[in-house]
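Dumping the structure here so I can ask a few things about it.
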Amino acid sequence: MNRKQIICSSSTGTLSRIKARGWCIHAVCIAGSGSMTYRKRRVGFEANDLLIIPYPELIEGLTFAADIEIEFMAAPVRYINSLLPANNYGISGRVSLWQNPVVKVTPAGAAVMVADIRAIAARLATDAARPFRRQTIDALVTVMVYDLFAFHQLSNGGDTAHESEALIVQRFVADLDSGLPRTQRSVAVYASRVNVTAKYLSAAVKRATGLTASQMIGQRVLPMIVDSLSNTHLTASQIAADMNFASVSYFSRYVRKHLGESPSRFRMRLRCGGSQGFGQHNGTN
């Protein structure tokens, strides 16, 4: 991770220009107020409010009062996630942040966040050759994220609805990570494993991640298919049976839909030295 990609600033203009997908904004309003349209809904914020925005590309009409004072840190989500040990609160928190990115804290809590952001900014400003500079910055960002986790959890006040939904999403992600998509691609299968309907699971996953359950399953399945097709010792029939497709023809239709070409055409490209990149993947099942 290039730490030049981390942005720490008190400039509202800089904050307004951050629109990149895959980034996350962490801000604290010190004084004044502002508002924005987030997911087509107008949201206001004021002094001692935190803003945690994992989808800045969804922000529209961001405005600030003349007396606004704000501090923020923005960085790619994948960098932030890389610093955290196994911890599902990031997924849990996104369930409610998808609905409302504003977290209300006490003045003391806001002061903690300001101190966290300024500490990161101070280290970013040090000589790049300084020993352990990278590790120090990573540690400070980790502290800030865990402070945010704590404030967010406290602000929810033990909201059991959010906790229950977040747990369902966590279990769904765990099933995906376990390798289950190799043989199970139906949202209904995953929903039954957490005792909810497919519609409920799809809605919960969408709120938590911005992706549909089918898209997340597809993201796991396609690399498996590409890897199997790259093995020339396996026939299409063997791959279809191994991955629990009902028939070779259904497997071929699935590959054509998601990779944009038939299994045989894909393999032909590989033999001719073509790219192994995906074709027209839309992530649905």
Distance from Leu176 atom CG to Gln219 atom CD, nearest 0.5 Å?
9.0 Å
Taking the side chain as everything from C-beta on, heavy atoms only, tell me whether Tyr55 gets closer than 4.5 Å to Arg39.
no
Please answer whether the main-chain N or O of Glu46 pairs with a side-chain N or O of Asp49 as donor and acceptor at a distance below 3.5 Å.
yes
Side chains of Arg182 and Asp242: does their closest heavy-atom pair fall under 4.5 Å?
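In contact.
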Verify the cluster assignment for Leu58 and Val43: are they in a single hydrophobic cluster under the rule of side-chain heavy atoms below 4.5 Å apart?
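In one cluster with Leu58: Val43, yes.
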From Thr183 atom OG1 to Met224 atom CE, the distance as rounded to the nearest 0.5 Å:
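Rounded to the nearest 0.5 Å, the OG1-CE separation comes to 8.5 Å.
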Kindly determine whether Thr106 and Phe151 satisfy side-chain contact (heavy atoms from CB on, under 4.5 Å), including the steps that lead there.
CA-CA 9 Å; Thr106 64; Phe151 291 135; 5.9 Å; no
If you group Ile, Leu, Val, Met, Phe, Trp and Tyr by side-chain heavy-atom gaps below 4.5 Å, do Val114 and Val145 land in one group?
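Result: yes, single cluster for both.
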Side-chain contact test, heavy atoms from C-beta onward, threshold under 4.5 Å: evaluate it for Met268 versus Glu261 and give yes or no.
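Contact flag for Met268/Glu261 side chains = no.
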Distance-only donor-acceptor check, side chains Ser262 and Ser264, under 3.5 Å:
yes
Picking from Thr14, Ile7, Leu15, what satisfies side chain to side chain contact (heavy atoms under 4.5 Å, CB included) with Ser11?
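Result: among Thr14, Ile7, Leu15, Thr14 is the only option passing the side chain to side chain contact (heavy atoms under 4.5 Å, CB included) with Ser11.
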Spell out, as yes or no, whether a donor-acceptor pair under 3.5 Å connects the side chain of Arg171 to the backbone of Arg193.
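Confirmed, Arg171 side chain pairs with Arg193 backbone.
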Output, in order, the C-alpha distance, side-chain angles, deciding distance and verdict of side-chain contact (heavy atoms from CB on, under 4.5 Å) for Phe266 and Ile225.
CA-CA 11 Å; Phe266 182 85; Ile225 290 177; over 6 Å; no
Could you check if a side-chain atom of Ile53 sits within less than 4.5 angstrom of a side-chain atom of Met36, using non-hydrogen atoms only?
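Side chain of Ile53 against side chain of Met36, heavy atoms only: contact under 4.5 Å found.
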Check whether Tyr200 reaches the backbone of Ala191 with its side chain - one donor and one acceptor, N or O, closer than 3.5 Å.
no
Compare all side-chain heavy atoms of Leu201 with those of Ile168 and state whether any distance is below 4.5 angstrom.
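Side-chain contact under 4.5 Å: yes.
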Is it true that a side-chain atom of Lys19 and a backbone atom of Ile59 form a donor plus acceptor pair closer than 3.5 Å?
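Such a contact is found between Lys19 side chain and Ile59 backbone.
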Return the minimal non-hydrogen interatomic distance between Cys8 and Ala121, and the atom names on each side.
CB-CB, 3.6 Å
State the CE-CD1 distance between Met113 and Ile52, to the nearest 0.5 angstrom.
7.5 Å
Are any non-hydrogen side-chain atoms of Val205 and Thr212 less than 4.5 angstrom apart?
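Contact flag for Val205/Thr212 side chains = no.
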Minimum-distance pair of heavy atoms, taken over all atoms of Glu57 and Gly22
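The pair with the smallest heavy-atom distance is OE1-N, 4.4 Å.
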At what distance, to the nearest 0.5 angstrom, does CD1 of Ile120 lie from CD1 of Ile137?
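The distance works out to 9.0 Å.
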Taking Asp138 first and then Arg134, would you say they form a salt bridge - that is, a charged N and a carboxylate O separated by under 4.0 Å?
yes
Identify every side-chain donor-acceptor pair in residues 62-77 under 3.5 Å, counting partners at least two apart or on other chains, and give the distances.
unit_1 : atom_1 : unit_2 : atom_2 : d
Thr63  : OG1    : Ser35  : OG     : 3.0
Thr63  : OG1    : Arg42  : NH2    : 3.4
Glu71  : OE2    : Arg118 : NE     : 3.0
Glu71  : OE2    : Arg118 : NH2    : 2.9

Between Tyr254 and Phe251, is the ring centre distance below 6.0 Å?
no
Under 30°, 30 to 60°, or over 60°: which ring-plane class applies to Tyr250 and Phe245, parallel, tilted or perpendicular?
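Plane angle between 30° and 60°, so tilted.
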Contact check, side chains of Arg265 and Leu259, non-hydrogen atoms, under 4.5 Å
no
Group every Ile, Leu, Val, Met, Phe, Trp and Tyr by side-chain heavy-atom contacts under 4.5 Å, then state whether Leu180 and Val173 land in the same group.
yes
Evaluation steps, side-chain contact (heavy atoms from CB on, under 4.5 Å), between His26 and Ile80
CA-CA 11 Å; His26 313 81; Ile80 295 169; 3.2 Å; yes
Trace of the side-chain contact (heavy atoms from CB on, under 4.5 Å) decision for Thr142 with Tyr146
CA-CA 6 Å; Thr142 303; Tyr146 274 118; 3.8 Å; yes
Checking the side chain of Arg185 only, and the main-chain atoms of Met243 only, is there a donor and an acceptor separated by less than 3.5 Å?
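It does hold such a pair.
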For residues Ser247 and Ser249, is any side-chain donor paired with an opposing acceptor at under 3.5 Å?
yes
Leu140 side, atom CG; Ile117 side, atom CD1 - distance, nearest 0.5 Å:
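With rounding to 0.5 Å, CG (Leu140) is 12.0 Å from CD1 (Ile117).
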Donor-acceptor pair, Ser202 side chain versus Lys199 backbone, under 3.5 Å?
no
Specify the closest pair of heavy atoms between Pro181 and Val221, including all atoms of both residues, with the distance to one decimal.
O-CG2, 3.4 Å
Below 4.5 Å, heavy atoms only, C-beta onward: do Leu50 and Leu148 meet side chain to side chain?
yes
Gap between atom CZ of Arg269 and atom CZ of Arg267 - 0.5 Å precision
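Those atoms lie 13.0 Å apart.
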If you take all heavy atoms of Ala110 and Val105, which pair is closest and at what distance?
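What the structure gives for the nearest pair is N-CG2, 3.6 Å.
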Closest approach of Thr126 to Arg123 (non-hydrogen atoms, all atoms of both residues):
OG1-O, 2.6 Å
I need the minimum non-hydrogen distance between Pro56 and Ile18, along with the two atoms involved.
CB-O, 3.6 Å
